[in-house]
There are 2 protein chains.
Amino acid sequence: MFEFLRKKVGETIAITEEEFDFCKTLFIPKKLRKKQYLLQEGDASAYTAFVEKGMLRTYSIDEKGNEHILQFSSEGWWVSDLYSFLTGEPSLFTIDALEDSELLLITKASWDKLLDKIPAFERYFRILIQNNLIATQRRLISSISETAEKKYLKLLDSQPDCIQRVPQHMIASYLGITRETLSRIRSQMSARK
Amino acid sequence: MFEFLRKKVGETIAITEEEFDFCKTLFIPKKLRKKQYLLQEGDASAYTAFVEKGMLRTYSIDEKGNEHILQFSSEGWWVSDLYSFLTGEPSLFTIDALEDSELLLITKASWDKLLDKIPAFERYFRILIQNNLIATQRRLISSISETAEKKYLKLLDSQPDCIQRVPQHMIASYLGITRETLSRIRSQMSARK
DNA sequence: ATAAGGCCGTGACCTATATCAACGGCATTT
DNA sequence: AAATGCCGTTGATATAGGTCACGGCCTTAT
């Protein structure tokens, strides 16, 4: 059950068997069916989750009821509303499952314990967050400077798996465009090809 | 010279005098005149910098020559192209001074040494990067879901100091709009008031 | 098997923002 | 004090993308 987590962590930091045994005791396995919530906007985020299987999305909903997807999280990635998890404040985001999924949950208290007892995990999460920041910065610049088509091409290039597994209207809301616009871009692209 | 850095670090983690004495040996003071570069696009980012005084901007330039500002960094904040600093790859961003500025530079080698010798700094940077990620995620969502006016109002609210110190056309390029549009938004706002 | 709803495509029209161009006001340089 | 850049403003026009409306095709539920 924990082999995959062990593998992913091991790709970034070195830890001993004993350290990982301690780590294991802190996680709570959880299965989520497609469409189930991990977190609803307005609730406090109790957990951060490692995705063993499946796919989740983190999104916010604006006044008009439109969804804006912050990220997709598939196998081997982590998912949470970082701010709410860290502060206990109500979340601005909703997280739900796009497929039946299997997660390993950790509470804030356990997470604090993990970072305190095993400094290598402090480093692990620093690196994880760092890479996430770099990716988010790039997406921000892309979002303010590129056309819809370029953003889509960039996504095709960087997350081809997502595009296979996620319905198109969610891709659109990840890119910050409407599903109609994405549909038209795709048909133009295939016409040109 | 290092009091300010000491104070800012102390707000997040606890460190001893000896630890900070070691820390001090790793930084290189540097003054930058207005308009001078800290980093040019295409170069590798040799340093991460703590801003003691002044204001810098990190931006990219698109094919049409338009600038897109990723962030402003004033006193007490850090500035670098994280990706280039970490990997040694050529930078996608340019960093320059908007005012005469005073910086404390640290190389990648020294930074690695600092994190290895003093685990509290591992935590310090984890938290720093974490907060930056939270802010960047919010800006991304705002960028894909809100009107130009709302984005401007949000900035007025969150970074009023920036708006005082930075020329308007740079605020526009931070928001991802043209200077003409920002000018019109401002005049509409003052007409309504 | 039929109904209901999610998902995708397409047309007609609308709107926020970009683009292009010109102008006036400050600073800075000569 | 004239000249040269920056900077912000304003007007006219263009355009990418949004909105609204409809229809067809699957999948899931009854």
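Chain A is the first sequence line, chain B the second, and so forth, proteins listed ahead of strands; every chain is numbered from 1. Because the structure is predicted, anything quoted here is derived from the model rather than measured.
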Quiz prompt | salt bridge (Lys or Arg N to Asp or Glu O under 4.0 Å) partners of Arg123(B), counting only residues at least two apart | solution =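 Residues passing salt bridge (Lys or Arg N to Asp or Glu O under 4.0 Å) with Arg123(B): Asp116(A), Glu122(A).
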
Quiz item: What pairs of residues pass the ring pair (Phe, Tyr, Trp, His ring centres under 6.0 Å) test when at least one of them lies in residues 153-182 of chain A, not counting sequence neighbours?
Solution: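 As it turns out, the ring pair (Phe, Tyr, Trp, His ring centres under 6.0 Å) pairs with a partner in residues 153-182 of chain A, which skip direct neighbours, are Phe72(A)-Tyr174(A).
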
Practice problem: Kindly state which residues belonging to residues 140-174 of chain A come within less than 4.0 angstrom of DNA chain D, counting heavy atoms of the residue only, listed by number. | Solution: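 Going residue by residue through residues 140-174 of chain A, the ones with a heavy atom under 4.0 Å of DNA chain D turn out to be Thr147(A), Ala148(A).
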
Exercise. Residues of residues 175-185 of chain A with any non-hydrogen atom less than 4.0 angstrom from an atom of DNA chain D: list those, numerically ordered, please.
Key: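 Residues of residues 175-185 of chain A that come under 4.0 Å of DNA chain D are, in numerical order, Gly176(A), Ile177(A), Thr178(A), Glu180(A), Thr181(A), Arg184(A).
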
Give every donor-acceptor pair under 3.5 Å between a side-chain atom in residues 61-69 of chain B and any protein atom, sequence neighbours left out.
| residue | atom | partner | partner atom | Å |
| --- | --- | --- | --- | --- |
| Asp62(B) | OD1 | Lys64(B) | N | 2.9 |
| Asp62(B) | OD1 | Gly65(B) | N | 3.0 |
| Asp62(B) | OD1 | Asn66(B) | N | 2.9 |
| Asp62(B) | OD2 | His68(B) | NE2 | 2.9 |
| Glu67(B) | OE1 | Arg57(B) | NH2 | 2.4 |

Self-check item: Ser74(B) side chain reached by Glu99(B) side chain, heavy atoms, under 4.5 Å
Solution: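 No, side chains not in contact.
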
Exercise. Calculate the interatomic distance between Lys34(A) atom NZ and dT28(D) atom C1'; express it in whole Å.
Key: 10 Å

Contacts table for residues 127-134 of chain A: side-chain donor-acceptor under 3.5 angstrom, sequence neighbours left out:
| residue | atom | partner | partner atom | Å |
| --- | --- | --- | --- | --- |
| Gln130(A) | OE1 | Arg126(A) | NH1 | 2.7 |
| Asn131(A) | ND2 | Ile127(A) | O | 3.4 |
| Asn132(A) | OD1 | Thr136(A) | OG1 | 3.1 |

Practice problem: Could you pull out all residues at least two apart from Thr147(B) that satisfy side chain to side chain contact (heavy atoms under 4.5 Å, CB included)? | Solution: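 For Thr147(B), the residues satisfying side chain to side chain contact (heavy atoms under 4.5 Å, CB included) (neighbours in sequence not counted) are Glu149(B), Lys150(B).
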
Self-check item: With sequence neighbours excluded, residues passing ring-ring contact (aromatic ring centres under 6.0 Å, His included) with Tyr37(A)
Solution: none

Self-check item: All ring-ring contact (aromatic ring centres under 6.0 Å, His included) counterparts of Phe125(B), not counting sequence neighbours
Solution: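 Residues passing ring-ring contact (aromatic ring centres under 6.0 Å, His included) with Phe125(B): Trp78(B), Trp111(B).
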
Quiz item: What does Lys64(B) touch in the nucleic acid at a heavy-atom separation under 4.0 angstrom: a base, only the sugar-phosphate, or nothing?
Solution: sugar-phosphate

Self-check item: Under-4.0 Å side-chain N/O to phosphate OP1/OP2 contact, Ser187(B) with dT9(D)
Solution: no

For residues 39-47 of chain B, run the donor-acceptor check on the side chains, cut-off 3.5 Å, and write out each pair with its distance to 0.1 Å, sequence neighbours left out.
| residue | atom | partner | partner atom | Å |
| --- | --- | --- | --- | --- |
| Ser45(B) | OG | Tyr47(B) | O | 3.2 |

Got a list of side-chain donor-acceptor pairs under 3.5 Å for residues 21-36 of chain A, not counting sequence neighbours?
| residue | atom | partner | partner atom | Å |
| --- | --- | --- | --- | --- |
| Thr25(A) | OG1 | Phe22(A) | O | 2.6 |
| Gln36(A) | OE1 | Arg33(A) | N | 2.7 |

Exercise. Please round to 10 degrees the angle between the axis of the first five pairs and the axis of the last five pairs in the helix from dA1(C)-dT30(D) to dT30(C)-dA1(D).
Key: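 What I find for the helix from dA1(C)-dT30(D) to dT30(C)-dA1(D) is an axis angle of 40°.
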
